[in-house]
Amino acid sequence: QVQLVESGGGLVQPGGSLRLSCAYSGWELNYYAIGWFRQAPGKEREGVSCISYSGASIHYSDAVKGRFTVSRDNARNQVYLQMDNLKQTDTAVYYCAATKHSCYSDYAPPEFEYTSWGPGTQVTVSS
């Protein structure tokens with residue numbers, strides 16, 4: 001059974017850092033790309049980052065490029081999102097999701113291509 005669960009969210013001051021984790025079960029997800037999405041109150045969900053199954057290809061949205069770093073450890077069935085220099089505009093519920101389609105530095109699969117989703121973790125950036 002494929003399952004994804006996010007953790008690591010919380011309250012942080014502007015300029016601070018958080019590391020989110022996405023734990024996945026189901027051996028087949030080692031061959032799936034994993035994406036990170038977020039949804040702020042009153043806004044549509046948006047893509048943040050995507051990492052290919054091997055970790056060799058990574059995509060970032062313009063909003064987080066240079067501040068967020070995604071990585072994965074297939075041996076531990078984990079994907080991480082290191083978030084630095086956080087801004088109040090980063091406040092949102094963050095989700096990880098899995099897709100059979102790959103991602104590249106200049107391309108991430110659209111949201112509808114992701115077939116399995118975690119329940120989300122809240123990140124609040126506030127002073």
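Keep in mind the model is a prediction, meaning the values are calculated, not measured. Along the sequence shown, residues carry numbers from 1.
- At distances below 3.5 Å, at least one donor-acceptor pair connects side-chain atoms of T91 with backbone N or O atoms of V125.
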Practice prompt. Please step through side chain to side chain contact (heavy atoms under 4.5 Å, CB included) for the pair R72 and V70, ending with a clear verdict.
Written response: CA-CA 7 Å; R72 70 187 295 167; V70 66; over 6 Å; no
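- Hydrophobic clustering (side-chain heavy atoms under 4.5 Å, transitive across Ile, Leu, Val, Met, Phe, Trp, Tyr) keeps M83 apart from Y80.
- Ring geometry, Y94 versus F68: the interplanar angle falls from 30° to 60°, so the pair is classed tilted.
- Separation of atoms OG (S102) and CD1 (I51) is listed at 10.0 Å; rounding is to 0.5 Å.
- Taking both residues in full, the closest heavy atoms of L4 and S116 are given as CD1-CB, 3.5 Å, listed atom of the first, atom of the second, then distance.
- Within the 4.5 Å cutoff, side-chain heavy atoms of P14 are placed close to those of Q88.
- Heavy-atom contacts from other residues, nucleotides or ligands closer than 6.0 Å to OH of Y31 number 12 or fewer.
- I34 CD1 to N77 CG: the interatomic distance, rounded to the nearest 0.5 Å, is 9.5 Å.
- Hydrophobic clustering (side-chain heavy atoms under 4.5 Å, transitive across Ile, Leu, Val, Met, Phe, Trp, Tyr) keeps I58 apart from Y53.
- The CD atom of Q82 lies 5.5 Å from the OG atom of S17; values are rounded to the nearest 0.5 Å.
- Applying the ring-ring contact (aromatic ring centres under 6.0 Å, His included) test to Y95 and every residue at least two apart in sequence or in another chain returns nothing.
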Worksheet item: Between E111 and F37, is a side chain to side chain contact (heavy atoms under 4.5 Å, CB included) present by the stated rule, with each step listed?
Response: CA-CA 9 Å; E111 185 174 330; F37 293 79; 4.1 Å; yes
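- With a 4.5 Å cut-off on side-chain heavy atoms, S49 and S61 do not count as touching.
- Annotation: side chain of L18 is in contact with side chain of L86 (closest heavy-atom distance under 4.5 Å).
- R67 pairs by the salt bridge (charged side-chain N to carboxylate O under 4.0 Å, His left out) definition with D90, not counting sequence neighbours.
- K87 has its side chain out of reach of V64: every pair of non-hydrogen atoms, C-beta onward, lies at least 4.5 Å apart.
- Atom CD of E6 is separated from atom CG of L20 by 8.5 Å, given to the nearest 0.5 angstrom.
- S52 contributes a side-chain N or O that, together with a main-chain N or O of S57, makes up a donor-acceptor pair within less than 3.5 Å.
- Residue pairs meeting the salt bridge (charged side-chain N to carboxylate O under 4.0 Å, His left out) criterion with at least one member in residues 10-28, sequence neighbours excluded, do not occur.
- Side-chain heavy atoms closer than 4.5 Å link hydrophobic residues (I, L, V, M, F, W, Y) into clusters, and following such links, possibly through other members, connects L81 to L29.
- Summarising the geometry, atom CG belonging to D73 is positioned 10.5 Å from atom OG belonging to S21; distances are rounded to the nearest 0.5 Å.
- No chain of hydrophobic side-chain contacts below 4.5 Å, direct or via other Ile, Leu, Val, Met, Phe, Trp or Tyr residues, connects Y114 to Y32.
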Practice prompt. Using the side chain to side chain contact (heavy atoms under 4.5 Å, CB included) rule, take V79 and Y24 through it: C-alpha gap first, then chi angles, then the decisive distance, then the call.
Written response: CA-CA 8 Å; V79 176; Y24 57 86; 3.9 Å; yes
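- Expressed to the nearest 0.5 Å, how far OG1 of T121 lies from CZ of R38 amounts to 14.0 Å.
- Under the 4.5 Å side-chain criterion, counting only non-hydrogen atoms from C-beta, P109 is in contact with C103.
- At least one test fails for R45 against the ring of W36: distance under 6.0 Å to the centre or angle within 45° of the axis.
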